[in-house]
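Side-chain atoms are counted along with the backbone in the values below, which use heavy atoms only and exclude waters and symmetry mates.
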Amino acid sequence: MVTGAVMFVLGFAGCIGALRENTTLLKFVSVFLGLIFFLELTAGILAFVFKDWIKDQLNFFINNNVKAYRDDIDLQNLIDFAQEYWSCCGAHGPNDWNLNIYFNCTDSNPSRERCGVPFSCCVKDPAEDVPNTQCGYDVRLKLELEQQTYIYTKGCVGQFEKWLQDNLIIVAAVFVAVALLQIFGICLAQNLVSDIKAVKANW
């Protein structure tokens with residue numbers, strides 16, 4: 001919603017400013033784009049400097065979401081997507097699912113999912129057209145070496161870091177492309193302001 005609101009304000013101000021030759025609106029667009037570019041640059045630098053802190057926050061975020069896995073269907077779908085996409089399970093491994101009241105291995109847990117993991121942790125069988133949603137049941141009762149046959153045993157934090165390293169050029173190219181578009185927008189707005197002022201000066 002915030003992103004949509006920002007895009008609407010920028011688009012509206014830029015469009016009306018260009019159509020009505022309103023230098024105030026065009027300057028607003030230019031300054032706003034410059035501010036966004038500066039914030040993105042600052043965020044990138046801070047992310048590099050405080051990468052260990054960000055990693056800790058990512059662990060905290062994933063573990064909190066593991067706890068609330070059955071409480072929110074949107075959150076559940078997000079976790080399932082992440083685990084399937086990165087072939088991972090939990091923040092650091094399958095045992096992170098002990099944080100969830102339905103999957104933990106305590107003797108007092110009456111859930112059928114006790115000592116299991118969500119189906120998104122399961123290694124996919126290419127022959128199956130429909131996912132087996134019970135494939136993770138009781139899987140953590142098996143030995144760790146045996147678990148690897150049935151589920152992903154790597155954590156999502158490590159897999160995400162590996163994905164970033166493997167796709168570093170693509171990620172960097174996307175950021176550079178976005179930055180160039182913003183700089184191009186700033187230059188266009190400033191150029192239009194200069195042209196309007198030049199025309200008005202000749203009146």
Same apolar cluster: Phe32 and Ile183, side chain cutoff 4.5 Å
no
Atom CH2 in Trp97, atom CG in Asn63: separation rounded to 0.5 Å?
10.0 Å
Taking salt bridge (Lys or Arg N to Asp or Glu O under 4.0 Å) as the cut-off, I'd like each qualifying pair that reaches into residues 57-69, sequence neighbours left out, listed once.
none
Could you check whether the SG atoms of Cys121 and Cys88 sit less than 2.5 Å apart, since that is the cutoff I want to apply?
no
Do the non-hydrogen side-chain atoms of Ile36 and Leu10 ever get within less than 4.5 Å of each other?
yes
Got a second to check how far Lys197's NZ is from Thr23's OG1, nearest 0.5 Å?
6.0 Å
Shortest non-hydrogen pair, Asp74 vs Asp72, comes out as N-OD1, 2.9 Å
Treating Ile, Leu, Val, Met, Phe, Trp and Tyr as nodes and any side-chain heavy-atom pair under 4.5 angstrom as an edge, say whether Leu188 and Ile16 lie in one connected cluster.
no
Quick check: is Val139 connected to Ile101 through a chain of hydrophobic side chains (ILVMFWY, heavy atoms under 4.5 Å apart)?
yes
If I compare all heavy atoms of Cys105 with all of Arg140, which pair ends up nearest, and what's the gap?
SG-NH1, 3.9 Å
Sequence neighbours left out, cut at 3.5 Å: what donor-acceptor pairs do the side chains of residues 147-156 make with other protein atoms?
{"from": "Gln147", "atom 1": "NE2", "to": "Lys142", "atom 2": "O", "distance (Å)": "3.1"}
{"from": "Thr149", "atom 1": "OG1", "to": "Glu146", "atom 2": "O", "distance (Å)": "3.4"}

Mind listing the closest non-hydrogen atom pair of Gly90 and Ile62 along with its distance?
C-CG2, 4.3 Å
Per-pair distances, 0.1 Å, donor-acceptor, side chain in residues 43-56, under 3.5 Å, sequence neighbours excluded:
none

Spatial distance of atom CD1 (Ile73) from atom CD (Gln76) [nearest 0.5 Å]
4.0 Å
Here the gap from Asn22 atom CG to Ile196 atom CD1, rounded to the nearest 0.5 Å, amounts to 8.0 Å
Side chains of Asp80 and Phe119 in contact at under 4.5 Å (non-hydrogen atoms)
yes
Just wondering, do Leu164 and Glu161 contact through their side chains at under 4.5 Å, heavy atoms?
no
Step by step, work out the side-chain contact (heavy atoms from CB on, under 4.5 Å) result for Arg20 and Leu25.
CA-CA 9 Å; Arg20 304 297 297 173; Leu25 284 176; over 6 Å; no
What side-chain hydrogen bond (donor to acceptor under 3.5 Å, both in side chains) pairs are there with at least one residue in residues 101-113, not counting sequence neighbours?
Arg70-Glu113, Asn104-Thr106, Asp107-Arg114, Arg112-Asp138
Minimum-distance pair of heavy atoms, taken over all atoms of Leu141 and Cys115:
CD2-SG, 3.6 Å
Does Trp86 share a hydrophobic cluster with Val157, counting links as ILVMFWY side-chain heavy atoms below 4.5 Å and allowing steps through other members?
yes
Looking at Cys89, is its backbone amide N or carbonyl O close enough to the side chain of Asp96 to form a donor-acceptor pair, meaning the two atoms are under 3.5 Å apart?
no
Using only atom types and a distance under 3.5 Å, with no angle test, would you say the side chain of Gln83 pairs donor to acceptor with the backbone of Ser120?
no
With heavy-atom distances below 4.5 Å as the criterion, would you say the side chains of Val66 and Phe103 are in contact?
no
Ser30 side chain to Leu26 main-chain N or O, any donor-acceptor pair under 3.5 Å?
no
Without placing hydrogens or testing angles, list every side-chain donor-acceptor pair under 3.5 Å for residues 165-182, not counting sequence neighbours.
{"from": "Asp166", "atom 1": "OD2", "to": "Lys162", "atom 2": "NZ", "distance (Å)": "3.1"}
{"from": "Asn167", "atom 1": "ND2", "to": "Trp163", "atom 2": "O", "distance (Å)": "2.8"}
{"from": "Gln182", "atom 1": "NE2", "to": "Glu40", "atom 2": "OE1", "distance (Å)": "3.2"}
{"from": "Gln182", "atom 1": "NE2", "to": "Glu40", "atom 2": "OE2", "distance (Å)": "3.1"}

Within a 6.0 Å radius of atom CG on Leu19, are there more than 12 heavy atoms belonging to other residues, nucleotides or ligands?
yes
For the hydrophobic clusters of this structure (ILVMFWY residues joined by side-chain heavy atoms under 4.5 Å, transitively), does one cluster hold both Leu75 and Leu99?
yes
Starting from Leu35 and following side-chain heavy-atom contacts under 4.5 Å between hydrophobic residues (I, L, V, M, F, W, Y), which residues can be reached?
Leu39
Distance in Å, Leu33 CG paired with Ile186 CD1, rounded so as to fall on 0.5 Å steps
5.5 Å
